[in-house]
Participant: 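Dropping the structure in here first, questions after.
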Amino acid sequence: MKTTVTTSVGGKQITIETGRLAKQADGAALVTCGNNMVLVTAVSSKKTSELDFFPLTVEYIEKFYATGKIPGGYFKREGKPTNDAILTARLIDRPIRPSFPEGYRHETQVVGTVLSADGAFPLEILASLGASAALHVSDIPFNGPTAAIQVGRVDGQFVANPTPQQMEKSDMDVIVAGTRNGLLMVEGETKFISEADCLAALKFGHQSMMPLLNAQDELREKTGSKAKRPFTAPAIDADFKGQAESLLKSKIAAALSIKIKQDRYAAVAAAHAEAETALLASITDKDLAKQRKKELGAIVEELKYHEARTMILDKKVRIDGRDVKTVRPIANEVGLLPRAHGSGLFTRGETQCLGTVTLGTGDDEQMVDALLGTQKRKFMLHYNFPPYSVGEVGRFGGQGRREIGHGNLAERALKAVLPDHEKFPYTIRVVSEVLESNGSSSMGTVCAGTMAMLDAGVPIKGNVAGIAMGLIKEGDRVAVLSDILGDEDHLGDMDFKVAGTPQGITALQMDIKIDSVSFEVMDQALAQAKEGRSHILNEMEKVIKVARGQISEFAPRIETIKIKPDKIREVIGSGGKVIRGITEATGVKIEIEDDGTIHIASADPEATKKAIAMINDIIAEAEVGKTYKGRVVKIAEFGAFVEILPNTQGLLHISEIANERVRAVTDVLKEGEIIDVKVLEVDRAGRIKLSRKALFTIAAEAGRAQAAFGRRS
């Protein structure tokens, strides 16, 4: 039976419906706002998975019929998800994942499908709401509901779920998601806002999601509050657990005091192997041995979790020996790669990122066939995380969701400081190669990318550094950690990444693994992050602080000129004939914008000058009183048409050919002949009147004057 609830956020009405579509799914919700509709389904297997983690997958599918479009490409149907779709799937996943019961191992799939879209409302907000609603009304164990809000700020006022027009004026684009108790996720970019303003935005977002949470509870109540499936997390045999902990606890504690990651991992692995030999060798039942082996792995992870957290909370000492605020040692280099247009190597502890910059022209812009229209991207950041960066073996192929998400965060952090395209008309590609990883390679990418752009001579508006903050919380005991390790991310309660310049924050991302954290803790994390960011930036600026005065000799030089828009067709020519001729003659790349801006790019300055001269010749206009060397292109009874400039002809009337009377034009001129002519007049219609006779008169007068001067001498 169809059940509907309606609520309002930011002056926009949102409807959640269930019971009409996709009824065989465990839960389904159709979320609508205006002409925007997203269907989200949730299905969870009744069988427990053999995996030792929660197998949750989230898919977000953009259907082009939703905007009345047929997809591009040969097959004319939707293919693999776009980067935007993958990023939206991550936004849906991150707040619902920690809302499942601890130990839940049933394969679960959430699918969001865009059915209708007009671009007037953020679809990711509807999809996130639909995912929570579908899980909330189902019998799947879920500690929801959750909701998400996009926060903008226009003219100093926060706006919930702003329109695209409002976003153009906004100095922030932040998505927050959470429950009634607090936030679970933050993702966004800002234009140099302060920590206080950031915290205020997060509070506003949390308060704004309350109507969405209330609507989901109302929907569940209206549908009969279906009972959740009984679930009890699997328990480990108490005797076996006691034996394992007795054998392992001291060894795990000793291993966690080893500062070097690989040595620490080796010590944990050795303790694990010793426990397997001692506790499993005598078990003859294969199924029991398999179960005990799996349980032993869980016990090791649990001991690591408790020992590391206890060490931090009780002794204020972290795994690698640091206190809670100290940032790991930093080493930086620039100019490593001779042929790349810019490069920077950022090393912080056991995390190392090699950033590179390539400068291109308009031809290098990325064209994306997106749901709401084709997008052009002049700035790209690509993040690569090879398996060797963590000392592992793995397959190489396309980029995973993690790589796309981390790259997007770093791209947002750097986007705020890019120079205006009018002043620096390059397409910019930054690539981060993660060479080592042990904690926040995305923030390492921000630092490496900043140095690489400075090395490439990109006049960025400020230098950006990033840091990842962590949290350990047990009851009232709280420790906020600066520059977290990979283990501290895994064993901690929060991963909060903040990037920015000394002027303010440019990007942030947060994921919470516990029910919530207070805004007081977040305030402390933001303040501590600012302090750490400042330290990291100071270390970076010891190596390079301002952009190099010139770009690489291997990068294209781009010169920009401006012409009248009505002259564009002359520069392009019929079928592109003229512009092709210029590029073939000079080897340059030419990009023409609708407003008459022309970018000429070449690594050879002389070729650029030649191309500019050719363009100037094409767009030049005849000036009254000026003499031109022209070519006779056509002869008529009344005169000759002379091309004085490319694509510009004037009429040389028969009476203006010579001082004496000319009986026939062909008696004096022939087609193809080069002659000097003077412009007498350009009328309102642009018709040009030429004279050859006027030049003879001037020459004769000059001759008489010279002769008179000679006689006086």
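On a predicted model such as this, the values are computed, not experimentally measured, just so you know.
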Participant: State whether the number of non-hydrogen atoms from other residues, nucleotides or ligands found under 6.0 Å of Q109 atom CD is greater than 12.
Facilitator: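 Buried by this count: over 12 neighbours within 6.0 Å.
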
Participant: Salt bridge check: are E59 and R401 linked by an N-O gap of less than 4.0 Å?
Facilitator: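 The answer is yes: the pair qualifies as a salt bridge.
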
Participant: Under a 3.5 Å cutoff, is there a donor and acceptor pairing between the side chains of N332 and E539?
Facilitator: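 Note: N332 and E539 side chains miss the donor-acceptor criterion.
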
Participant: Apply the side-chain hydrogen bond (donor to acceptor under 3.5 Å, both in side chains) test between D483 and each candidate in K325, R348, H535; give the one that qualifies.
Facilitator: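 Among K325, R348, H535, the one meeting side-chain hydrogen bond (donor to acceptor under 3.5 Å, both in side chains) with D483 is R348.
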
Participant: What's the separation between atom CG in L354 and atom CG in L345, rounded to the nearest 0.5 Å?
Facilitator: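 It comes to 6.0 Å.
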
Participant: Any cation-pi pair here, R292 with F240, using under 6.0 Å and within 45°?
Facilitator: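 Verdict for F240: a cation-pi partner in R292.
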
Participant: Looking just at side-chain N and O atoms, do Q291 and E295 make a donor-acceptor pair shorter than 3.5 Å?
Facilitator: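 Side-chain D/A pair, Q291 to E295: present.
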
Participant: According to ring-ring contact (aromatic ring centres under 6.0 Å, His included), who are the partners of H106, at least two apart in sequence or on a separate chain?
Facilitator: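 With sequence neighbours excluded, H106 shows a ring-ring contact (aromatic ring centres under 6.0 Å, His included) to Y104, given in chain and number order.
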
Participant: Under 3.5 Å, is there a donor-acceptor pair linking the side chains of Q352 and T347?
Facilitator: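 Checked: Q352/T347 side chains pair up, N/O donor to acceptor below 3.5 Å.
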
Participant: Do R309 and D493 meet the salt-bridge criterion of a basic N to acidic O distance under 4.0 Å?
Facilitator: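 A salt bridge is present here (some side-chain N lies under 4.0 Å from a carboxylate O).
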
Participant: Does any donor atom in the side chain of Y265 or D487 lie under 3.5 Å from an acceptor atom in the other side chain?
Facilitator: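 A pair is found: one side chain offers a donor N or O, the other an acceptor, under 3.5 Å apart.
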
Participant: Sequence neighbours left out, cut at 3.5 Å: what donor-acceptor pairs do the side chains of residues 383-400 make with other protein atoms?
Facilitator:
unit_1: Y383; atom_1: OH; unit_2: R402; atom_2: NH1; d: 3.3
unit_1: Y383; atom_1: OH; unit_2: S441; atom_2: OG; d: 2.5
unit_1: N384; atom_1: ND2; unit_2: E433; atom_2: OE1; d: 3.3
unit_1: N384; atom_1: ND2; unit_2: E433; atom_2: OE2; d: 3.3
unit_1: S389; atom_1: OG; unit_2: P386; atom_2: O; d: 2.7

Participant: Do NZ/NE/NH1/NH2 and the carboxylate oxygens of E195 and R533 come within less than 4.0 Å?
Facilitator: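 Result for this pair is yes, salt bridge flagged.
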
